[in-house]
2 protein chains.
Amino acid sequence: MSSENPTTRIRILDAAWKLLESGAARGVRMSDIAKAAGISRQALYLHFPSRAELLVATTRHVDAVKDVDARLAESRSATGPARLDAFVAAWGGYIPEIHGVIRALAAMMETDAEARAAYDDRMAAVRHGCVAAVAALTAEGCLTPHLSADEAADLLWTLLSVETWARLTQDCGWTQAQYVAAMQRTARAALMRQEI
Amino acid sequence: MSSENPTTRIRILDAAWKLLESGAARGVRMSDIAKAAGISRQALYLHFPSRAELLVATTRHVDAVKDVDARLAESRSATGPARLDAFVAAWGGYIPEIHGVIRALAAMMETDAEARAAYDDRMAAVRHGCVAAVAALTAEGCLTPHLSADEAADLLWTLLSVETWARLTQDCGWTQAQYVAAMQRTARAALMRQEI
DNA sequence: TCGTGACTTTACACCGTGTAAAGTTGACAT
DNA sequence: ATGTCAACTTTACACGGTGTAAAGTCACGA
């Protein structure tokens, strides 16, 4: 299932990625992906047992190619307000690379339990970053007294959701720069103690 | 199609509403709704031409029963910061009543153009409320200098999205009161000029 | 040369949506 | 009482998408 010719597997993942990212208003079907990868629809099932697992593998593939870990690690070196800004910029800047795949996964959630689990898993990873960023604020005494650390992490996580990004950049037509700047300001305003 | 026995139509809408709202992790099917309404699956199509239109009618039905207009109108009477708080409380308090239906509609968007249009239409209605709330802030000179009126409306609209509500209350386990309080604070912090 | 792995082709089961059409039932009008 | 009409049921089926199954092709290497 995953021990076969790796180049085909990667061709499939790249094809799925490309299709899911570039427009593709209509739901991307297995046959679309197969065609784009230059193989038969059935051959897809030689590499991935289901559409849900193909989507999950695609997100992991994108993560690997785009090296999300390195990007986020970078944001961890800053301190105080700058650290929050850096985290927002790092994750917010990554969303455009994966939103197509994530949205496809989210659309399956309603009916497919496996897709739901995979989506939750991915989102949990982001939440850990939020928790860490909030912990840094707390340590420096910058956290607003109105929120507990958990609440602050939840709020930041929500602010940085793919849905929020999609609404502002896709539906409202904001540029990526506008989005990042607004999220940085909003996160600071919502999470940090406002000293004159 | 809509001139028949109105009680059956309403039974259908109530059944759909109830199913969509109460848990129902699995996608709610036409046959589920028919069963719950006590009629055959085919009879559903005597009242609604498609699943998408049934969902749309269900949102309108909920709006009518819960009198969303009256609730929102109330928030328009306040002024300044209180008006923003009132709008957030009014709409934020309404979301729990409709989130099931809206989410079902959102899930169809990916594949069904009609569902997409219906969803966009509903969301546009909310946006108008946001524009009005921001206009009130602008008129009173409370709007932050960091945002244009359009940007502020977009941001408020995003803050008040069903997705944001769902993430905080469903995924993070916040109470409705926690949600409303946090959104009021965040909206104020993000949209209003911060005078000492 | 034999086998094996990667893939194709064909066929089909399953689900959910939507269409089509014939049959049932009860209310109401004449 | 008879007829008709609307609301609904029942049965059947087409369509599209996912996933399973199995036989066939083909190239590469031991």
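Quick note on labels: first sequence line is chain A, next is B, and so on, each numbered from 1. Computation of the quantities below employed the complete heavy-atom set of this structure, encompassing side-chain atoms and omitting hydrogens, waters and symmetry-equivalent molecules.
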Inset, instruction - Round to a whole Å and report the spacing from CG of A:L44 to P of C:dT8. - result: 10 Å
Legend entry - Short side-chain to backbone donor-acceptor contact, B:Q176 and B:G92, under 3.5 Å: yes
Legend entry - Length of the CD1-P vector between B:I39 and C:dT25, whole Å: 18 Å
Inset, instruction - May I ask you to evaluate whether A:S31 reaches the phosphate of D:dG17, defined as a side-chain N or O under 4.0 Å from OP1 or OP2? - result: no
Inset, instruction - With the side chain counted from C-beta on, respond yes when A:I39 and A:L44 share a heavy-atom pair under 4.5 Å apart, and no when they do not. - result: yes
Legend entry - Options C:dA11, C:dC7, C:dT19, nucleotide nearest the side-chain atoms of B:Y45: C:dT19
Legend entry - Side chains of B:S161 and B:T164, donor plus acceptor under 3.5 Å: yes
Inset, instruction - Round to a whole Å and report the spacing from NZ of A:K35 to P of D:dG17. - result: 11 Å
Legend entry - Nearest-Å distance for atom pair CZ/P, residues A:R9 and C:dG5: 18 Å
Legend entry - Residue-phosphate contact under 4.0 Å: B:H47 side-chain N/O, D:dC8 OP1/OP2: yes
Inset, instruction - Take atom CG of A:L54 and atom C1' of D:dT18, then tell me their distance rounded to the nearest Å. - result: 13 Å
Inset, instruction - When you get a sec, tell me which of D:dA12, C:dT17, D:dA21 is the closest nucleotide to the side chain of B:R29? - result: C:dT17
Legend entry - Geometric class of the A:H99/A:W165 ring pair [parallel <30°, tilted 30-60°, perpendicular >60°]: tilted
Inset, instruction - Go through D:dT9, C:dT10, C:dC7 for me and flag the one nearest to the B:S40 side chain. - result: D:dT9
Legend entry - Given D:dT18, C:dT9, D:dT9, the nucleotide with the shortest approach to the side chain of A:M30: D:dT18
Legend entry - Residue mapping more 5' on DNA chain D - nearest nucleotide basis, B:R41 or B:G38: B:G38
Inset, instruction - Write down the distance between CD (B:Q42) and C1' (C:dG18), rounded to a whole number of angstrom. - result: 8 Å
Inset, instruction - Answer yes if A:L191 and A:V131 sit in the same cluster of Ile, Leu, Val, Met, Phe, Trp and Tyr residues linked by side chain heavy atoms under 4.5 Å apart, and no otherwise. - result: no
Inset, instruction - Take the protein atom CG of A:L46 and the nucleotide atom P of C:dT4, then report the distance between them rounded to whole Å. - result: 18 Å
Inset, instruction - Indicate whether OP1 or OP2 belonging to C:dC7 is found under 4.0 Å from a side-chain N or O atom of A:T8. - result: yes
Legend entry - Whole angstrom value for the distance that separates P of C:dC15 from CG of B:D32: 14 Å
